[in-house]
Amino acid sequence: MTRGAAPPARRARQRAPFPRSFYDRETELVARELLGAVLECHASDGVVSGRIVETEAYIGAHDPACHAAAGLTARTAPLYGPPGLAYVYLIYGMHWCFNAVTREEGHGSAVLVRALEPLEGIDVMWRRRARARRLQDLTNGPAKLCAALGITGAQNLCRLDRPPLIIRPGAEVPDANVAITPRIGITRAADWPLRWIVTDSDFTSRTPPHFFRRPLA
DNA sequence: ATCCGGATCGCCT
DNA sequence: GGCGATCCGGATG
């Protein structure tokens with residue numbers, strides 16, 4: 001072995017994780033401001049991270065598409081808990097989805113992270129997402145990004161400011177590069193404009209052609 | 001005790 | 001564009 005492994009990958013200086021107060025605000029605002037932020041997951045095989053390019057707001061018990069509409073149960077307890085924690089749930093018996101809980105305890109709201117642009121640990125992502133053909137397919141859906149980052153129910157209720165899960169500020173995304181659409185894949189409140197996307201990113205999931213798309217600027 | 005539908009994905013036509 | 005996979009939470013009886 002030669003002395004010294006490959007130099008560490010150059011990366012932008014990391015900013016401090018968002019504090020709890022970032023999440024203790026209107027869910028729509030948090031969904032908007034999470035665009036451009038970096039979500040990272042730490043595991044034994046390394047750190048994997050991506051830049052958030054698509055989010056959805058689930059705004060509480062009065063939102064029929066939000067799990068909190070079922071009331072306070074064992075499953076929805078994380079939603080009703082303090083802001084700044086992870087709510088990770090299983091969908092269709094096989095896929096995990098990741099949310100950041102917002103607003104004060106008892107509100108039942110969260111932001112679903114729906115797509116990332118891969119940053120660190122891309123080799124690990126390819127291993128975890130063996131069927132993906134293109135780079136975009138690693139993380140352009142809520143369950144895909146959980147698989148790529150290694151997020152499972154084991155991270156449910158984890159804080160988002162320390163390992164294994166951290167969300168940090170990234171380069172801000174200007175309003176000119178943001179659009180709002182209805183949420184994907186739901187049947188109730190299907191027309192509520194609560195999905196935020198980075199319009200010039202190649203890493204968002206598909207927007208159905210008939211969806212309206214409101215530019216932010 | 002049983003039934004139903006779901007914040008998805010990938011493979012099929 | 002359609003559909004099956006595969007399991008759980010919540011509703012109903």
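Residue numbers start from 1 in every chain, and the chains themselves are labelled A, B, ... in the order their sequence lines are given, proteins ahead of strands. Only this structure's heavy atoms are used, side chains among them; waters, hydrogens and symmetry mates stay out.
Atom CG in A:Leu138 sits roughly 10 Å away from atom P in B:dG10 (whole-Å rounding). The nearest whole Å value for the distance from the OH atom in A:Tyr89 to the P atom in B:dG6 is 12 Å. We find that CH2 of A:Trp96 is positioned 15 Å from P of B:dC9, with the value rounded to whole Å. Whole-Å rounding puts the A:Arg195 CZ to B:dT8 P distance at 11 Å. Here B:dG10 presents its C1' atom at 16 Å from CD of A:Gln136, a figure rounded to the nearest Å. For the pair A:Tyr80 OH and C:dG9 C1', the computed distance is 14 Å after rounding to whole Å. Rounded to an integer number of Å, the gap from CD1 of A:Ile91 to C1' of C:dA5 is 13 Å. Across the protein-nucleic acid pair, A:Arg206 atom CZ and C:dG1 atom C1' stand 13 Å apart, rounded to whole Å.
Look at A:Arg114 and you'll find a side-chain N or O under 4.0 angstrom from OP1 or OP2 of B:dT8. At the phosphate of B:dG10, OP1 or OP2 sits under 4.0 Å from a side-chain N or O atom of A:Arg129. Listed pair A:Thr76 / C:dG9 fails the phosphate criterion, with no side-chain N or O lying under 4.0 Å from OP1 or OP2. Note on A:His67: every side-chain N or O is 4.0 Å or more away from OP1 and OP2 of C:dG9. In terms of phosphate contacts, A:Thr187 brings no side-chain nitrogen or oxygen within less than 4.0 Å of OP1 or OP2 of B:dG5.
The side chain of A:His95 lies closest to B:dT8, out of B:dT8, C:dG9, B:dC11. Here the nucleotide nearest the side chain of A:Arg75, chosen from C:dG9, B:dG10, B:dT8, is C:dG9. Nearest nucleotide to the side chain of A:Tyr87, out of B:dA7, B:dG10, B:dT8: B:dA7. Counting only heavy atoms from C-beta on, A:Tyr58 has its side chain closest to B:dA7 among B:dA7, C:dT6, B:dG10. Taking every side-chain heavy atom of A:Leu79 into account, B:dA7 is the closest of B:dA7, C:dC8, B:dG6. Here the nucleotide nearest the side chain of A:Ala143, chosen from B:dA7, B:dG10, B:dT8, is B:dT8.
Enclosure of atom CD in A:Glu104 by more than 12 non-hydrogen atoms of other residues, nucleotides or ligands within 6.0 angstrom is indicated.
At a cut-off of 3.5 Å, with distance as the only test, no side-chain donor of A:Glu117 or A:Ser201 sits close to an acceptor on the other residue. Judged purely by distance below 3.5 Å, without hydrogens or angles, the side chains of A:Glu40 and A:Ser49 never pair a donor atom with an acceptor atom.
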**Prompt:** Given the rule in the salt bridge (charged side-chain N to carboxylate O under 4.0 Å, His left out) test, do A:Asp175 and A:Arg32 qualify, once you have shown the distances and angles that lead to the verdict?
**Reply:** CA-CA 9 Å; A:Asp175 282 355; A:Arg32 161 65 180 90; 2.8 Å; yes
**Request:** Any chance you could lay out the side-chain hydrogen bond (donor to acceptor under 3.5 Å, both in side chains) test for A:Arg195 and A:Thr207, step after step, and finish with the verdict?
**Result:** CA-CA 10 Å; A:Arg195 173 174 175 251; A:Thr207 301; 2.9 Å; yes
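Pairing of C:dG9, defined by two Watson-Crick or G-U wobble distances under 3.5 Å, is identified with B:dC4.
Heavy-atom distances to DNA chain B give each of A:Ala132 and A:Asn99 a nearest nucleotide, and the one nearer the 5′ end belongs to A:Asn99. Each of A:Arg131 and A:Ile186 has a nearest nucleotide on DNA chain B; the 5'-most of these lies closest to A:Ile186.
Contacts of A:Leu112 with the nucleic acid, taken as non-hydrogen atoms under 4.0 Å apart, include base atoms.
A salt bridge between A:Asp202 and A:Arg134 is absent, with no side-chain N of the basic residue lying under 4.0 Å from a carboxylate O of the acidic one.
Taking the C1' atoms as reference points, C:dC3 lies 16 Å from B:dG5, given to the whole Å.
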